[in-house]
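Since we're looking at a predicted model, the values are computed, not measured. The residues of the chain are indexed from 1 along the displayed sequence.
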Amino acid sequence: MIELINVEKHFKKPIRGKGVWGMVKTLFSRKHVVVKAVDGVSFTVRDGEAVGYIGANGAGKSTTIKMMSGILTPTAGEILIDGKHPYKSKERNAVLKNIGVVFGQKTQLWYDLPLTETYELLRYIYDVTEADYKRRLAELVELLDMKPFLDAPVRTLSLGQRMRADLAAAMLHNPKTLFLDEPTIGLDVLVKRNLIEAINKLRDEYKTSLILTTHAMSDIELLCKRVIILDEGKILFDGSLDDVKHMFGDKRNVTIQTAAPIDTAAATDKYPIDGVTAEGDGLLTTFTVDAQKLKIDVLLDFLLKTYDVTDVKLSETGIEQVVEKIYERNKAAQALDECGDEAADAERDDG
């Protein structure tokens with residue numbers, strides 16, 4: 001359904017001088033630096049597949065979404081959506097009829113119009129038949145609980161209501177592909193949960209391909225089975241969520257509450273097995289273990305026999321921590337490469 005082949009997007013950033021005079025000179029200067037927002041990105045997404053596209057601010061996520069939706073044209077490479085280029089004028093309309101886009105910080109709704117009139121306009125824009133429109137709108141209104149504010153002007157909606165309305169607008173023409181760019185930003189817990197449940201139901205029912213960008217890793221775990229991790233325009237990782245977690249071991253946390261604080265150094269000395277670490281905070285102590293090296297029940301048996309345990313909590317290492325480690329490893333590799341380059345330059349100079 002979606003294919004990106006060595007896609008790049010460059011932006012020219014003017015070099016600005018200092019002060020007001022420097023700003024004026026910049027208007028007439030051709031000096032600039034080229035910023036690679038997306039740098040050689042390649043991946044494919046199958047029909048009905050849900051992919052989390054994640055990265056730090058400025059990694060190139062939104063730029064990629066805008067290229068896939070035809071808003072921007074790649075500097076190099078090729079993008080195909082269902083075999084067509086979204087940024088070419090001859091193919092653009094055919095692509096746009098089969099995609100839906102939701103930007104968390106922007107809206108495609110008309111500010112002063114009631115939702116019903118906005119949706120009527122979208123029906124004509126996307127050439128949806130009246131029968132399909134009524135059926136789809138009724139399904140979306142019920143699923144997203146939009147009936148109480150369906151006739152309200154967009155400007156009167158709360159953030160949670162507007163996000164539900166934006167999702168309905170993106171799904172009204174039954175697109176084959178849905179791009180969600182931080183759709184849950186700023187939402188409270190209850191609204192976020194309902195929105196995610198609705199997205200999952202729509203995707204399962206209509207087999208819609210989904211690409212989701214977000215900083216909330218919990219959203220990724222609830223919506224996607226595959227993740228693509230981006231950093232400075234390049235792909236660091238592309239694989240399943242399970243593969244991400246196993247890259248640094250299948251970490252599990254065992255938190256125990258005891259009658260007295262535990263000396264964590266002494267605790268790990270008593271149980272010197274690779275992959276077990278301990279961290280204390282008052283009466284709570286968390287033991288982190290690699291489940292591939294040691295079974296949880298063995299560790300639990302040791303803890304219950306060794307300490308006066310009053311409570312136990314088990315948890316997995318969150319995807320956030322794993323992603324942080326991937327970034328740290330990438331930064332360390334980049335630093336080593338830079339040191340190697342500097343050493344090579346110094347050696348050439350000495351020669």
Side-chain angles (χ1 to χ4, degrees), residues 1 47-52 65 69 81-82 93 95-214 216 218-224:
M1 179 55 68
D47 287 355
E49 188 176 15
V51 178
I65 294 291
S69 56
I81 307 293
D82 201 14
N93 286 344
V95 174
L96 295 185
K97 281 189 175 182
N98 286 303
I99 67 172
V101 186
V102 176
F103 291 105
Q105 300 183 28
K106 298 179 182 178
T107 182
Q108 62 178 313
L109 306 171
W110 277 267
Y111 190 67
D112 291 310
L113 293 181
L115 282 179
T116 48
E117 294 186 29
T118 296
Y119 293 153
E120 280 285 350
L121 284 172
L122 290 173
R123 177 173 85 84
Y124 285 105
I125 289 172
Y126 287 101
D127 196 24
V128 181
T129 65
E130 187 172 357
D132 284 344
Y133 167 73
K134 288 181 177 180
R135 177 179 57 82
R136 294 278 297 169
L137 182 59
E139 289 178 355
L140 291 166
V141 167
E142 182 179 357
L143 182 60
L144 296 168
D145 191 23
M146 294 168 49
K147 192 172 182 180
F149 55 88
L150 196 59
D151 294 316
V154 172
R155 57 183 163 80
T156 65
L157 302 182
S158 67
L159 179 60
Q161 291 172 335
R162 185 181 65 75
M163 289 310 306
R164 281 181 279 167
D166 262 310
L167 178 60
M171 294 296 295
L172 197 61
H173 56 291
N174 194 16
K176 295 180 181 179
T177 304
L178 181 62
F179 300 120
L180 301 177
D181 189 13
E182 298 191 37
T184 62
I185 187 169
L187 300 184
D188 63 51
V189 176
L190 182 60
V191 173
K192 180 189 289 191
R193 187 189 68 188
N194 292 339
L195 189 66
I196 287 173
E197 289 177 355
I199 293 169
N200 270 326
K201 288 179 181 178
L202 290 168
R203 188 176 61 81
D204 291 342
E205 183 176 353
Y206 296 101
K207 307 301 179 186
T208 305
S209 300
L210 170 67
I211 292 185
L212 168 70
T213 74
T214 181
S218 58
D219 294 354
I220 296 288
E221 293 184 279
L222 292 171
L223 287 169
C224 308

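- Side-chain atoms of Leu115 and Leu157, non-hydrogen and from C-beta on, do get closer than 4.5 Å to each other.
- No side-chain donor-acceptor contact under 3.5 Å links Arg155 to the backbone of Tyr111.
- Between Cys224 and Leu212 the shortest side-chain heavy-atom distance falls below 4.5 Å.
- Evaluation of the side-chain hydrogen bond (donor to acceptor under 3.5 Å, both in side chains) test over residues 138-148, restricted to residues two or more places apart or in two chains, returns Glu139-Tyr206.
- A 4.5 Å side-chain heavy-atom check between Leu137 and Leu172 finds at least one atom pair inside the cut-off.
- Residues Met146 and Ala165 share a closest heavy-atom pair of CE-CA, 4.1 Å.
- The shortest non-hydrogen separation linking Pro175 to Ala170 is CG-O, 3.3 Å.
- One N or O on the side chain of Arg164 and one on the backbone of Leu144 form a donor-acceptor pair closer than 3.5 Å.
- Counting heavy atoms from C-beta outward, Val95 and Thr177 have side chains that stay 4.5 Å or more apart.
- Within the structure, salt bridge (Lys or Arg N to Asp or Glu O under 4.0 Å) contacts touching residues 171-181 (residues at least two apart or in different chains) are Asp82-Lys176.
- At least one donor-acceptor pair under 3.5 Å links the side chain of Gln161 to the backbone N or O of Ser158.
- Of the inter-residue distances, the one linking Leu180 atom CG with Thr214 atom OG1 reads 9.5 Å to the nearest 0.5 angstrom.
- Side-chain contact check for Leu159 versus Met163: some heavy-atom pair is nearer than 4.5 Å.
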(message) If you apply the rule side chain to side chain contact (heavy atoms under 4.5 Å, CB included), what do you find for Arg162 with Thr107, and how did you get there?
(response) CA-CA 8 Å; Arg162 185 181 65 75; Thr107 182; 3.3 Å; yes
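- In this structure, the separation between CD1 on Ile125 and CD on Glu120 is 11.5 Å, given to the nearest 0.5 Å.
- In this structure, the separation between CG on Asp127 and CG on Leu122 is 13.0 Å, given to the nearest 0.5 Å.
- In this structure the side chain of Asp166 never reaches within 4.5 angstrom of the side chain of Lys106, judged on heavy atoms.
- Nearest heavy atoms, Thr156 versus Ala152: OG1-CB, 3.6 Å.
- The minimum heavy-atom distance linking Gln108 with Val101 is given by the pair NE2-O, 3.4 Å.
- Asp132 is not listed as a side-chain neighbour of Asn174, based on a closest heavy-atom distance of 4.5 Å or more.
- Atoms CG and OG1, from Leu109 and Thr118 in turn, are 5.5 Å apart once rounded to the nearest 0.5 Å.
- Contact detail for Gly160 and Val191: the closest heavy-atom pair is CA-CG1, 3.8 Å.
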For residues 193-201, run the donor-acceptor check on the side chains, cut-off 3.5 Å, and write out each pair with its distance to 0.1 Å, sequence neighbours left out.
from   : atom 1 : to     : atom 2 : distance (Å)
Asn194 : ND2    : Leu190 : O      : 3.4
Asn200 : ND2    : Leu222 : O      : 3.1

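- Each ring-ring contact (aromatic ring centres under 6.0 Å, His included) pair with one or both residues in residues 150-198, not counting sequence neighbours, appears once here: Tyr126-His173.
- Residue Thr208 holds its OG1 atom at 9.0 Å from CE of Met1, rounded to the nearest 0.5 Å.
- A ring-ring contact (aromatic ring centres under 6.0 Å, His included) check over residues 132-170, counting only residues at least two apart or in different chains, returns nothing.
- Glu205 meets the salt bridge (Lys or Arg N to Asp or Glu O under 4.0 Å) test with no other residue; sequence neighbours excluded.
- Once rounded to the nearest 0.5 Å, the distance linking CD of Glu182 with OG1 of Thr213 reads 5.0 Å.
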